[in-house]
Amino acid sequence: MSSEGVIEGWVSNVKILGKIAFIEVIDGLNLSPITVVVRKDSGSVDWSKVSAVKLGSAIRVKGVYPEKVVSKKGREIHADEIEILAEPRDLPPIDVTGKTPASFEDYINYRYLALRLPRVRAAFLARSLIVNEIRSFFSERGFLEVHTPKIVKAGAEGGATLFEVDYFGVKAYLAQSPQLYKQMLMCGVPRVFEIGPFFRAEKFSTTRHLNESWGLDVEMGFIKGMEDVLEVLSQLVVHLSHKLNERLGDALRGLGYNVIKPVTSVRVLTYDEALEVLNSLGFNLKWGEDFDPKAEKSLGDYLEEKGVQAYFIVDYPWESKPFYIMKKDEKRGYAFDLDIRGIEVASGGQREHRYEVLRQNLLEKGLNPEDFSFYLEAFKYGMPPHGGFGLGIDRLVMTFLGVQNIRETVLFPRDRFRLVP
RNA sequence: GCCCCGGUCGUCUAGUGGUCCAGGAUGGCGGCCUGUCGAGCCGCAGAACCCGGGUUCGAAUCCCGGCCGGGGCGCCA
């Protein structure tokens with residue numbers, strides 16, 4: 001049964017034959033174009049107008065969805081009326097047909113055009129899906145979504161990597177983490193999560209760092225131990241990888257993405273076990289050392305060969321973790337990292353909830369408790385045992401899609417040298 | 001911050017000091033095509049060698065400096 005309809009979008013290809021014309025249009029949030037079919041003898045569309053359609057134009061088409069689709073692309077509409085809403089004023093700087101790839105730089109400079117290309121479009125559909133699923137996941141489990149300040153007086157762990165801003169004549173900074181705020185909230189609500197940006201004034205120029213990043217921060221009160229946090233994060237990773245594969249897996253793979261397979265469980269290794277594996281792979285790491293990217297990548301490849309795409313590393317040396325991590329023993333803390341395909345995506349742990357011990361931890365790390373008084377105060381009024389994690393959403397999307405550069409997952413990335421667009 | 005690689009028509013590229021008044025593809029323009037769709041065929045026109053300096057009879061090509069982009073390390077969300 002054919003039906004009438006209206007589509008709007010941008011022209012990605014035009015083929016005008018003697019008696020029939022095909023105009024491909026990127027519409028809605030679809031990944032592939034719809035074929036607009038115009039017959040010269042139908043009389044319903046001014047044929048000269050068809051001839052005048054330019055690549056890249058914004059158009060509106062009224063027509064009929066045929067009962068039988070001939071187009072191999074899967075969707076078509078037979079045009080009754082074509083309205084050209086806007087034409088390109090100049091030659092587009094990116095080939096909107098997709099025949100000629102543009103440079104990495106131009107894909108960012110002209111992201112709004114690149115979004116018409118299926119491969120770029122798909123990455124941001126995937127990112128949107130992942131963020132939507134994160135929100136559903138936590139909302140369904142009784143977590144309150146919160147939003148904490150991004151203009152702050154001090155950093156979470158000192159002030160080394162903060163962007164300074166002028167706050168009406170007072171020195172302030174762009175937040176590098178909501179860590180302190182979400183912990184304070186544990187004194188009022190049992191579970192919170194936040195999806196938001198954070199800023200780090202690090203002069204890194206790598207494929208996995210940005211100066212403005214988006215993160216998921218989770219904090220859970222009344223936990224019995226770090227295992228409660230690991231369980232929730234495991235379920236999240238499993239959930240997201242399944243949802244991504246269900247909804248977009250085939251399309252993404254068809255576009256050349258090396259999409260993560262559905263994760264069924266997240267392996268847990270201790271720091272000691274990881275050290276042992278790495279040294280068996282030829283590294284020569286001493287206890288207490290952090291793993292460099294080469295080591296992390298080797299560990300990730302080794303485990304992925306064994307079918308382990310995502311894994312925790314727990315029982316980290318306390319020395320290398322922040323002051324708010326609860327000590328497990330003299331050397332280790334209740335801390336973990338989550339690596340996915342060899343890239344560190346999240347870190348977390350159980351937090352020290354006892355006021356006096358927390359204060360002592362600050363001193364032990366060379367930090368002045370007076371600088372943290374607004375945060376410490378919350379620990380005087382019934383702060384329960386709690387734990388949580390911070391996860392980089394840009395990195396999560398990057399590893400799930402199997403892309404090499406984190407900037408492929410961010411519309412307008414801010415990295416070491418990019419402040420426009 | 002350090003190291004490496006790169007910058008050529010609108011876009012993607014080929015290019016050994018003279019073979020290059022720089023070739024190809026795509027995009028643009030014109031023509032053809034009974035549904036093109038693994039990017040149809042033919043023709044035409046292109047403000048193209050990042051910027052500055054140097055070597056040379058001669059530089060897209062070699063050297064130096066700068067700017068911009070990518071990769072690696074430092075680093076970790």
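In what follows, chains are A, B, ... by sequence order, proteins preceding strands, each numbered from 1. Being a predicted model, the structure only gives us computed values, none of them experimental.
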> Any side-chain heavy atom of A/Phe291 within less than 4.5 Å of one from A/Leu275?
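Yes - at least one pair of side-chain heavy atoms lies under 4.5 Å apart.
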> Classify A/Asn405 by what it touches in the nucleic acid, base, sugar-phosphate, or nothing, heavy-atom distance under 4.0 Å.
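Sugar-phosphate contact only.
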> So A/Leu396, base contact, sugar-phosphate only, or nothing? Heavy-atom distance under 4.0 Å.
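If one applies the 4.0 Å heavy-atom cut-off, A/Leu396 turns out to touch nothing in the nucleic acid.
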> Sort and list the pairs that fulfil salt bridge (charged side-chain N to carboxylate O under 4.0 Å, His left out) and have at least one residue in residues 403-421 of chain A, not counting sequence neighbours.
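As it turns out, the salt bridge (charged side-chain N to carboxylate O under 4.0 Å, His left out) pairs with a partner in residues 403-421 of chain A, which skip direct neighbours, are A/Arg407-A/Asp415, A/Asp415-A/Arg418.
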> Hey, does the Lys NZ or Arg CZ of A/Lys365 hover above the aromatic six-ring of A/Trp318, less than 6.0 Å from the centre and inside 45° of the axis?
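Here A/Lys365 passes the 6.0 Å and 45° test against A/Trp318.
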> For A/Lys54 and B/rC29, is the shortest distance between a side-chain N/O and OP1 or OP2 below 4.0 Å?
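Result: yes.
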> With sugar-phosphate meaning primed atoms plus P, OP1 and OP2, does A/Val345 contact a base, only sugar-phosphate, or nothing at under 4.0 Å between heavy atoms?
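Counting heavy atoms under 4.0 Å across all strands, the contact made by A/Val345 is with sugar-phosphate only.
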> With heavy atoms under 4.0 Å as the rule, sort A/Asp292 into base, sugar-phosphate or nothing.
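Since only primed, P, OP1 and OP2 atoms lie under 4.0 Å of A/Asp292, the category is sugar-phosphate.
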> Answer with base, sugar-phosphate or nothing: what part of the nucleic acid does A/Phe104 contact at a heavy-atom distance below 4.0 Å?
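Contact class for A/Phe104: sugar-phosphate only.
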> Within less than 4.0 Å of OP1 or OP2 of B/rC75, is there a side-chain N or O belonging to A/Arg208?
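Answer is no, no contact under 4.0 Å.
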> Given the side-chain rings of A/Phe336 and A/Phe312, with only the six-membered ring counted for Trp, is the space between their centroids under 6.0 Å?
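Yes: the rings meet the under 6.0 Å criterion.
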> Looking at A/Phe137, I'd like to know if the NZ or CZ of A/Arg141 sits under 6.0 Å from its six-membered ring centre while staying within 45 degrees of the ring's axis.
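Checked: cation-pi criterion met.
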> Check this for me: does the side-chain of A/Thr206 come within 3.5 Å of the base of B/rC75 through a donor and an acceptor?
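No, no donor-acceptor pair under 3.5 Å.
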> Does A/Gln404 contact B/rG71 through a side-chain donor or acceptor facing the base, at a distance under 3.5 Å?
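No pair found.
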> With a 4.0 Å cut-off on heavy atoms, is A/Glu344 in touch with a base, just the backbone sugar-phosphate, or nothing at all?
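Since only primed, P, OP1 and OP2 atoms lie under 4.0 Å of A/Glu344, the category is sugar-phosphate.
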> May I ask you to verify if any side-chain N or O of A/Thr207 is less than 4.0 angstrom from the OP1 or OP2 atom of B/rG72?
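Looking at the OP1 and OP2 atoms of B/rG72, one of them is under 4.0 Å from a side-chain N or O of A/Thr207.
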> Quick one: does A/Arg39 reach the base of B/rG35 with a side-chain donor-acceptor pair under 3.5 Å?
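Looking at the base of B/rG35, it does pair with a donor or acceptor on the side chain of A/Arg39 (distance under 3.5 Å).
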> Please determine, for B/rA47, whether a Watson-Crick or G-U wobble partner exists with both distances under 3.5 Å, and give it or none.
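Looking at the geometry, B/rA47 pairs with no nucleotide.
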> Does A/Ser347 reach a base, just sugar-phosphate, or nothing at all? Heavy atoms under 4.0 Å.
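Touches sugar-phosphate only.
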> Under 4.0 Å between any heavy atoms, over every strand shown, what does A/Thr35 touch: base, sugar-phosphate, or nothing? Just pick one.
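Since a base atom lies under 4.0 Å of A/Thr35, the category is base.
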> Pick the closest RNA chain B nucleotide for A/Glu212 and for A/Lys294 by heavy atoms, then say which residue is nearer the 5' end.
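In this pair, the answer is A/Lys294.
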